[in-house]
Each structure stands twice: as structure tokens, then as C-alpha cells.
Amino acid sequence: MPLRFGDDPLLWASWLYYEEGLTQGTIAEQMGVSRPTVNAYLAEARARGIVNVEISPEKFSGLSIAQSLRDHFGLQDCLVIPTEGVERPLIPRLGEAGARVIARILRSGDTLAVTWGRTVLSLADQIGPLDLKDVRVVQATGGTTARIPWTPEACASTLAKAINARAIPISAPAIVSSAEVRAMLMQEAVLAEQLAILAEADKIVMGISSLRPESTIHTSGFLDGTMQLAHYQDAVGSLAGRFISARGEPVIGPMHDRTIGLTLDQLRRIPQRIAIAGGLDKVAAILAALRGGYVSILVTDIATGRGILSAEGYREPPRRSAPQSDAPLPARMEVKKFINDPKDAVDEALRGALAAHEDLIAPVPGSTRAVRAIDGPRPGKVAVVIGGGAGHEPAFWGYVGPGLADAAAVGNIFASPPPDPIIAATRAVQGGAGALFIYGNFSGDVMNFDMAAEVMEAEGVTVRSIVTTDDIASSPIELRTSRRGVAGNVFTFKIAGAAAARGLALDACEALARHANARTYTMGLALEPCSLPETRRPTFALGPGDMEIGVGVHGEPGVERRGIERADACADLLLDRILSEMPASRGDEVALLVNSLGSTVNFELYIILKRVRQRLKARGLRVHRTFVGAYYTSLDMAGVSLSMMHLDPELKELLDHPCRSAALTILPEERITAKAT
């Protein structure tokens with residue numbers, strides 16, 4: 001039975017009969033059963049509700065995405081599990097699905113190579129004994145840091161023990177100090193014997209690591225130090241400790257000749273390569289692995305699979321049972337925009353912003369992508385420097401001014417600013433008390449701000465960095481440090497700016513900014529995707545009756561798709577997700593930000609706000625301040641995000657501190673509502 005149907009023959013028969021239109025006789029031949037058995041399967045499927053004129057939408061979506069991934073990338077098979085709607089987090093559910101795959105395909109006498117990571121260890125913990133003989137389980141690489149529980153040794157030994165197989169370790173570190181040390185170790189007889197067994201692997205089970213700060217490749221110690229990061233700027237993910245570009249090509253850096261374990265060429269030669277990975281933060285890495293031909297069987301989730309297909313411009317095939325309109329509307333192929341040359345759009349927009357707000361901001365000398373407040377620098381004041389990609393206007397220059405940030409660096413559309421404008425901005429505004437960097441949790445921002453911090457530290461400027469993580473849709477709560485930084489940035493900018501304006505020391509400013517980030521939660525949804533200036537096309541496909549829940553601010557699709565609902569239901573959805581995580585009690589105070597993701601007008605935002613305030617009042621939570629408008633956008637996306645900061649007396653006082661910028665102004669003694677300008 002193909003993996004995508006799990007162990008459910010009723011679902012398999014239903015798919016073949018209702019979606020592929022095969023006869024019961026043909027189905028009987030394909031399934032290897034009698035025709036009466038097929039008839040009984042179909043009858044029972046209808047009785048149990050698996051089929052009710054059509055396959056249930058969730059199961060259809062998973063099957064359709066699995067089949068599209070298999071066909072588009074030429075996979076042997078694919079298994080796609082639900083992203084949400086179940087109580088268990090995604091990682092253990094992916095591990096369980098991977099365990100089912102291994103139990104299905106492993107045979108006596110096989111040699112199974114195993115990489116490492118959270119998902120692989122979850123698989124090993126959940127797989128049961130198998131009635132097999134002479135199976136060998138071998139590490140795919142040497143060992144890594146013992147600071148993590150999902151080391152190569154732990155993953156391979158746990159899996160071997162669970163299935164009663166022989167465990168073959170790799171008796172060397174995965175990363176050694178030099179190429180010469182690696183060459184010497186490779187001559188050792190014990191290690192040579194172990195690597196020879198690894199070369200005989202029939203199958204490999206592996207995770208796929210992104211390059212985000214909390215990813216497996218970072219926590220395993222492969223990328224300690226930003227200078228190493230600089231050699232891997234073209235990499236989007238890693239397999240067995242080897243780095244690959246967006247096209248799936250090897251990215252060669254200083255660790256290439258220091259790594260002991262499978263090479264990418266050896267990996268591609270293994271007959272069955274089972275990759276188990278999910279989560280929107282891994283879409284780029286998984287897509288790179290598929291493009292490079294490193295995967296033959298993929299286990300992932302619906303939202304991730306849909307994101308991979310969207311990135312390829314590949315659409316799920318229409319359902320055969322879907323009614324056809326007599327006069328369908330033409331699909332939107334190109335979005336109209338007021339731009340000149342797309343390559344000049346960011347610079348022209350920034351020059352326009354500087355002209356519009358010349359009483360607040362000015363260009364940083366020597367840089368076209370950095371702005372500073374005209375009232376700085378102030379001697380003895382901590383410099384607050386923020387930044388990120390263009391396309392989020394009025395972020396980031398819109399939060400530069402008295403009581404907020406001192407400077408901002410701006411990158412290309414949805415891309416991190418390089419280190420140079422960050423360095424220029426910091427030099428222009430630092431007043432001798434150190435600098436506080438604040439930016440979203442995206443791999444490019446983390447790398448480039450870290451490199452800028454190293455330069456400034458070498459110049460004698462103490463730098464502290466705050467990575468914002470307010471987007472609750474982007475990672476489960478147990479991996480909060482992996483979450484994206486989105487519209488909740490506004491609250492963190494405000495708190496940090498107020499603390500610095502009051503003359504607090506760098507340590508205090510850092511602590512307060514971290515405190516604000518930890519107590520800020522954001523959830524968003526979209527009715528239409530955004531479109532990039534270069535292509536003028538939507539970044540993902542969304543049906544006329546659908547909405548996307550948990551969208552990112554870089555044009556990414558969300559974690560769930562459902563039919564459009566009324567405004568109150570949308571507000572409830574956003575608020576309920578936030579309240580499920582925010583530990584608030586009756587009488588607590590909060591600050592609200594109802595944010596347009598680009599093209600949603602205030603008329604609609606106020607309808608959302610009305611419902612949120614109604615719900616919070618019923619729950620006994622008091623709203624201290626409300627912000628409504630376009631504060632942190634995703635170009636022209638039609639959508640809304642709700643951000644909430646759980647206030648305490650200290651945060652409340654700093655939130656009330658006066659400020660003035662292009663995007664946010666709070667006057668002295670103002671206590672009720674701030675409006676976007």
C-alpha cells in the first residue's frame with residue numbers, strides 16, 4: 001500500500017474509485033484483493049463517513065499534496081500528515097509517521113544509516129520491535145556536542161535498541177579541528193571499518209535542518225562563530241552536516257574538509273533516502289533537498305507541503321468532484337503597481353520616506369540603506385538600532401525618532417540588510433553607552449546583525465542583540481525561540497526606545513526589551529497573498545472563498561487554510577490562539593495592536609477591534625492602549641494580525657513614555673489610544 005494512505009485500505013480504495021475513476025475490477029487488481037472485497041471497502045467507507053460523495057477535505061488535502069509532491073519531484077513515495085487539529089505537537093507526530101514508514105520498508109539484512117535531530121530521536125523513541133534479522137543501524141556522521149539530547153550517537157543507538165538491531169557507531173567527532181586531523185583519523189582501522197559499513201547502507205533516515213538560530217545544525221555546534229557563518233551565506237539548509245544552496249547544490253566552506261561522515265554524493269547513492277521534516281521554517285531547506293535529489297521518500301505535514309509546492313509555482317490539482325462554474329472569472333495573473341524599475345524600488349521608496357519625514361529622520365552619511373533620528377546621538381545614551389527587509393513599511397524607518405529607535409537599516413524586499421548599513425547606522429548614533437540591536441528571528445538578519453556586532457565590538461562599542469519571537473503560528477510553544485518576529489516588534493521597539501530615552505544602562509535596556517518580547521504574542525491571517533515588485537504576481541495561490549491562517553510577513557503561506565468566515569469569527573480565531581498561550585488573569589492589563597498586513601483598510605480593522613475588545617471585556621482583561629492601522633505590513637497582502645502585550649507596571653510605564661516618529665506618536669499624558677499616522 002502506498003505510504004500516503006497510511007494503513008487504511010478503505011481510504012486507498014475510496015481514492016482510486018472516487019478520485020482516479022478506476023473500476024472496481026481494476027482496483028481489485030491494483031490492491032491485490034477480490035472485487036467483492038473492494039465493494040465491501042467502498043460500502044464501509046461510506047458507512048464510516050470517510051466518503052460522503054467526496055473524500056473528507058482534510059484527508060483529501062493530505063493525499064493531494066502527497067501525490068503532487070511525489071509527482072513533481074519524482075519521489076518513490078510521500079506521506080503528509082495534518083499540521084493542526086490534534087493535541088500533540090508536530091515533532092512527535094512527524095516522528096510517529098516516520099516510525100510507520102521505517103517499519104513498512106525495512107527488511108532483514110538491511111543497513112540503515114541514521115542522522116540526528118529532534119524528529120529523528122522522536123522516531124527512535126516511538127518505533128517498536130520489528131520481526132527482522134541481521135539489521136545494522138549505523139551513524140551517518142561522527143559525534144556532536146553532548147549539550148543536546150538528539151546527538152548522532154543517541155539517535156542511532158536508541159533506534160537500534162528499539163528494533164533489536166546491531167548499532168554501529170562512528171568513533172570520531174563529526175567536526176575535527178583541521179583537514180589534517182581528519183586525514184589522520186581516516187587512516188585508523190576501527191574508523192575505516194565503521195565508515196565502510198556506512199558505505200553499504202541500503203536506506204537512510206534523516207532530518208533536514210534549516211539554518212535558523214535554534215535549528216539542529218546550530219545546536220549541534222556546526223556553526224559556532226559568525227565568521228563560519230559568513231562562508232555559508234548561500235546555504236539554506238543542511239543534510240547530515242553538509243550544507244546545500246536553494247538549488248540543492250553543495251555549499252563548500254571551511255568545515256567541508258573537517259567533517260567525518262557521509263558526503264552529499266554518497267548520500268545521493270543510497271537507494272532509499274527517507275527524509276522526515278516539517279514546519280514552515282523548513283520549507284526552503286526541504287525544497288533545496290528535493291531539488292538536489294537527496295530525498296526519495298518524504299514525510300512532512302500539510303502546511304509545509306503546500307508551502308513547498310507554492311514555492312515551486314505548482315498548484316494542487318482540482319478535485320474531480322468540484323462543481324464547475326458556467327462563467328469562471330479570469331485568474332489574477334499580475335498585480336498593478338506604482339513602480340518604475342523594480343530593482344530601484346526600495347531605494348526610491350526610502351528616499352521618498354526621508355523626504356516626507358525630514359523633520360524626524362535623515363540619511364546616514366555613506367549609506368543609502370540606513371536612516372537616523374535627527375535629534376541624535378545623545379552622549380551617554382544607549383543607541384537603539386533596528387532593521388530588516390523592505391516591504392514592511394512603515395517598518396523599520398517609521399520607528400526612528402525620539403523615544404523610539406535611534407537608527408534603522410533596511411534591506412531589499414523581505415531580505416536582511418547586509419552588515420555595512422547596520423555598522424554605519426550604529427556608528428552614526430552611538431553615544432558611548434553601548435548599542436542595542438533589535439531585529440526579527442530570520443536567519444539572514446541574525447547572521448548580518450551578528451557580523452555587524454562583531455565589528456562594533458572590535459571598535460570598542462558594547463553591543464547587545466534582541467531577536468524578536470512573537471509569531472505564535474510559526475513554531476509550537478516548546479520551540480518559542482524559533483518563532484518569527486513580526487508585528488509584535490512594534491511593542492519591543494517602543495519599550496526599548498523608552499528605556500534608552502530615560503537614560504537606563506545597556507544591561508537594563510536589554511533586560512526590558514527581552515521582557516517585552518517574552519510577553520508579546522502575534523497571530524495573523526490573510527484573505528489575499530502579497531505580490532512582489534519584481535514579479536507582480538501573488539506569492540501563493542488562494543481560492544476566492546478561502547483564507548490563510550498563520551501567514552508570515554515575507555509572503556509565506558500560513559499553517560492552515562479554511563473558508564472565509566465573518567469578521568467576528570476571524571477575530572475570535574486570532575484572539576483564542578493568543579489567549580491559549582498568554583497566562584493572563586482577570587484584572588490584568590494588555591496593549592493591543594490590530595495591524596493591517598498591507599491592503600486591509602481601517603474600516604475593517606475597527607470591526608475586528610470591536611470584537612476583540614468585546615471578548616477581552618467579557619474575560620475581565622483591561623485594555624490600556626489600542627493601536628489600529630498599518631504598523632507592520634507585508635507589501636499589499638490583504639490581511640490582519642493581532643498583537644497583544646501582557647502588561648505589568650514596568651512595561652505599562654514605558655509604553656506610556658512619550659515618543660514621536662513617522663509611524664508612532666504618543667504625547668505626554670496621553671492614556672487611551674494611539675493612531676497610526
Side-chain angles (χ1 to χ4, degrees), residues 2-4 58 60-84 90-91 93-94 97-98 101 117 119 206-212 215-216 235-239 243-249 268 273-318 414 442-443 473-475 482 484 526 529-530 532 535 537-543 546 548-552 554-561:
L3 289 172
R4 58 189 180 278
E58 180 185 284
F60 179 90
S61 183
L63 292 171
S64 177
I65 290 171
Q67 188 158 310
S68 297
L69 288 167
R70 185 201 65 183
D71 294 345
H72 186 67
F73 293 103
L75 302 176
Q76 294 176 13
D77 216 332
C78 183
L79 175 61
V80 175
I81 66 172
T83 300
E84 289 192 337
L90 181 59
I91 287 178
R93 292 191 291 110
L94 284 169
V101 173
T119 308
M206 57 187 175
I208 298 176
S209 177
S210 70
L211 297 187
R212 293 183 67 179
S215 64
T216 297
V236 299
S238 73
L239 299 166
F243 296 87
I244 55 175
S245 69
R247 296 175 59 86
E249 298 168 343
R268 197 185 279 114
R273 306 170 299 281
I274 305 98
I276 306 169
L280 290 179
D281 59 310
K282 292 193 176 184
V283 166
I286 299 171
L287 177 57
L290 292 169
R291 287 172 172 168
Y294 302 109
V295 180
S296 58
I297 297 175
L298 176 64
V299 180
T300 190
D301 63 286
I302 289 176
T304 304
R306 184 179 287 124
I308 293 167
L309 293 171
S310 296
E312 284 286 88
Y314 186 85
R315 298 187 177 185
E316 298 172 41
F414 299 159
F442 302 96
S443 58
S474 57
S475 287
S482 296
R484 303 175 292 212
C530 67
L532 300 176
T535 65
R537 294 176 182 272
T539 54
F540 59 88
L542 191 59
D546 294 334
E548 196 80 4
I549 300 164
V551 289
H554 291 167
E556 309 100 322
V559 298
E560 181 185 353
R561 183 171 296 183

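What you are looking at is a predicted structure, and each value in this text was computed from that prediction instead of being measured.
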Hey, could you give me the CD1/NZ distance between I208 and K282, rounded to the nearest 0.5 Å?
8.0 Å
Are side-chain heavy atoms of H554 and R484 found at a separation under 4.5 Å?
no
Working to the nearest 0.5 angstrom, can you tell me the gap between Q76 CD and I274 CD1?
8.0 Å
Taking every non-hydrogen atom, the tightest pair across L69 and C78:
CD1-SG, 3.8 Å
Side chain to side chain contact (heavy atoms under 4.5 Å, CB included) partners of D301, counting only residues at least two apart:
I81, T83, L90, A303, T304
Rounded to the nearest 0.5 Å, what separation is found between the CG atom of L280 and the OG atom of S210?
11.5 Å
If you look at every heavy atom in A235 and L211, which pair is closest and at what distance?
O-CD1, 3.2 Å
Can you check whether A277's main-chain N or O pairs, donor with acceptor, with T300's side chain at less than 3.5 Å?
yes
Side chain to side chain contact (heavy atoms under 4.5 Å, CB included) partner of I297, chosen from L75, I276, V101:
V101
Can any side-chain N or O of E548 pair as donor or acceptor with the backbone N or O of G558 at less than 3.5 Å?
yes
Would you call H72 and L290 a side-chain contact if the rule is heavy atoms closer than 4.5 Å?
no
Is the shortest heavy-atom distance from the side chain of M206 to the side chain of V295 under 4.5 Å?
yes
Tell me if a side-chain donor or acceptor on R247 pairs with a main-chain N or O of R291 at a distance below 3.5 Å.
no
Nearest 0.5 Å, please: how far is CZ in R4 from CD1 in I65?
13.5 Å
Which distance, rounded to the nearest 0.5 Å, do you find between the CG of D281 and the OG of S474?
7.5 Å
Identify the two heavy atoms, one from S68 and one from L309, that lie closest to each other, and give their separation to 0.1 Å.
CB-CD1, 3.7 Å
Taking every heavy atom of G555 against every heavy atom of T539, the minimum-distance pair comes out as O-OG1, 2.9 Å
Minimal heavy-atom distance between D77 and P2, with the atoms involved, is OD2-CA, 3.4 Å
Quick check against the 3.5 Å criterion: does R561 have a side-chain atom that pairs as donor or acceptor with the backbone of G543?
no
If you compare all heavy atoms of S209 against all heavy atoms of A285, which two are closest, and at what distance to 0.1 Å?
O-CB, 3.6 Å
Just jot down the ring pair (Phe, Tyr, Trp, His ring centres under 6.0 Å) partners of Y294, sequence neighbours excluded, or say none.
none
Is there a side-chain contact between I286 and L298, using heavy atoms and a 4.5 Å cut-off?
yes
